[in-house]
Structure formats: C-alpha cells, structure tokens
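We use all heavy atoms of the structure for the numbers below, so side chains are in, but hydrogens, waters and symmetry mates are not. Throughout, protein chains are lettered first and strands after them, A, B, ... in sequence-line order, and every chain is numbered starting at 1.
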Amino acid sequence: MNFTAMVVDVLKSIPHGKVATYGQIATLAGNRFGARQVVWILNSLSEKEKLPWHRVINSQGRISLKRGAGYEHQKKLLLEEGIKFDKADKINFKLFLWQPKLFSRA
DNA sequence: CAACTGACGATAG
DNA sequence: CCTATCGCCAGTT
C-alpha cells in the first residue's frame, strides 16, 4: 500500500460532520511530512474517488482556499454538514476535528 | 535526471 | 498579524 492510496483511504473514512487537517491525514497515512501530497491528491483524485475534499482544512482550523477560489464553496459544504465557524472564520477543533481512535496508535 | 508545483506545517523574526 | 525559510511528498514537465 503506497502513501497515496493510504491517503485516499483515510480521506474516505472521514465521517460526515467532521474535519481533518492535511498534516493529520498525512500522519495517519504513514508520513507526517506528506501534507503536500495530500494537497495534490485533493486536486487530482477528489473527482474520481469521490473524496470529501471539503472536510480537509489546515492546521489552524481555517480553509486554505482564497476567497473566490473555492473558499465560499467549501465553507458552504461544511456548514451544510453542521460544521460552524467562529468570528475569525475558524473551525473549533474541540467540536469538529475528526479524532480516529483506531489510528491513534498505528 | 532536474526543476517545478500544490489548498501544508513548524519555526523564526 | 505578516513574511520568510526549511522540510518533506509525489506527479508533471
């Protein structure tokens, strides 16, 4: 199982109503420095693999896309899943960060 | 083979 | 808050 396949697998297991960070996904997939690869995957495989790309945000709990470049679209999708943003447009990890217990050890 | 790229992350100033 | 730098991955050119 290569890293890319692992990432896709991890992405598919993100539950509805939760979000994950690039670094978190990379770590779960086996390489904590693979965050950049995660980005590439979201851009190239999200369509084919039906990946929940909108549930992926950066380590600060914010959407990385720029306004007018998908930001609003992603935010809308997240709001529809019940995820909320605070005044600084950030997501509260305490409430919405995906915490996969099964992988915390692996 | 080398350089470039992408929605990153942590750190430093 | 901001910019800059380094580190790392893998697909593309």
Decide yes or no for A/Ile63 and A/Phe85: does some side-chain heavy atom of the first lie under 4.5 Å from some side-chain heavy atom of the second?
-> yes

Can you list the residues that meet the salt bridge (Lys or Arg N to Asp or Glu O under 4.0 Å) rule with A/Glu47, with sequence neighbours excluded?
-> none

Check step by step if side-chain contact (heavy atoms from CB on, under 4.5 Å) holds for A/Ile14 and A/Ile25.
-> CA-CA 10 Å; A/Ile14 299 176; A/Ile25 292 169; 4.3 Å; yes

If we take the P atom in both C/dG7 and B/dA7, what is their distance in whole Å?
-> 22 Å

Distance-only donor-acceptor hits, side chain of residues 34-45 of chain A, under 3.5 Å, sequence neighbours excluded:
{"from": "A/Gln37", "atom 1": "NE2", "to": "A/Thr4", "atom 2": "OG1", "distance (Å)": "3.3"}
{"from": "A/Asn43", "atom 1": "ND2", "to": "A/Val39", "atom 2": "O", "distance (Å)": "3.3"}
{"from": "A/Ser44", "atom 1": "OG", "to": "A/Trp40", "atom 2": "O", "distance (Å)": "2.9"}

Taking only residues two or more places apart in sequence, or in another chain, which ones meet A/Arg55 in a side-chain hydrogen bond (donor to acceptor under 3.5 Å, both in side chains)?
-> A/Glu81

Heavy-atom check, side chain of A/Ser64 versus side chain of A/Tyr71, under 4.5 Å | no

Note: contacts of residues 68-84 of chain A with DNA chain B (heavy atom, under 4.0 Å) are none

Provide the start and end nucleotides, 5' to 3', of the part of DNA chain B that has atoms under 4.0 Å from heavy atoms of chain A.
-> B/dG6 to B/dA10

Keeping to residues at least two apart or across chains, list the salt bridge (Lys or Arg N to Asp or Glu O under 4.0 Å) pairs with something in residues 6-28 of chain A.
-> A/Lys12-A/Glu49

Boundaries of the DNA chain C segment in contact with chain A, non-hydrogen, under 4.0 Å = C/dG7 to C/dG11

Student check: side-chain heavy atoms of A/Tyr22 and A/Ser59 closer than 4.5 Å = no

What residues form a salt bridge (Lys or Arg N to Asp or Glu O under 4.0 Å) with A/Lys76, not counting sequence neighbours?
-> A/Glu80

Specify the residues of residues 35-55 of chain A, ordered by number, for which at least one heavy atom lies under 4.0 angstrom from an atom of DNA chain C.
-> A/Arg36, A/Gln37, A/Trp40

Would you please name every residue forming a ring-ring contact (aromatic ring centres under 6.0 Å, His included) with A/Trp53, sequence neighbours left out?
-> A/His73

Salt bridge (Lys or Arg N to Asp or Glu O under 4.0 Å) involving A/Lys90 - partner list, sequence neighbours excluded = none

With sequence neighbours left out, write down each residue that passes salt bridge (Lys or Arg N to Asp or Glu O under 4.0 Å) with A/Asp89, or none if nothing qualifies.
-> A/Arg67, A/Lys75

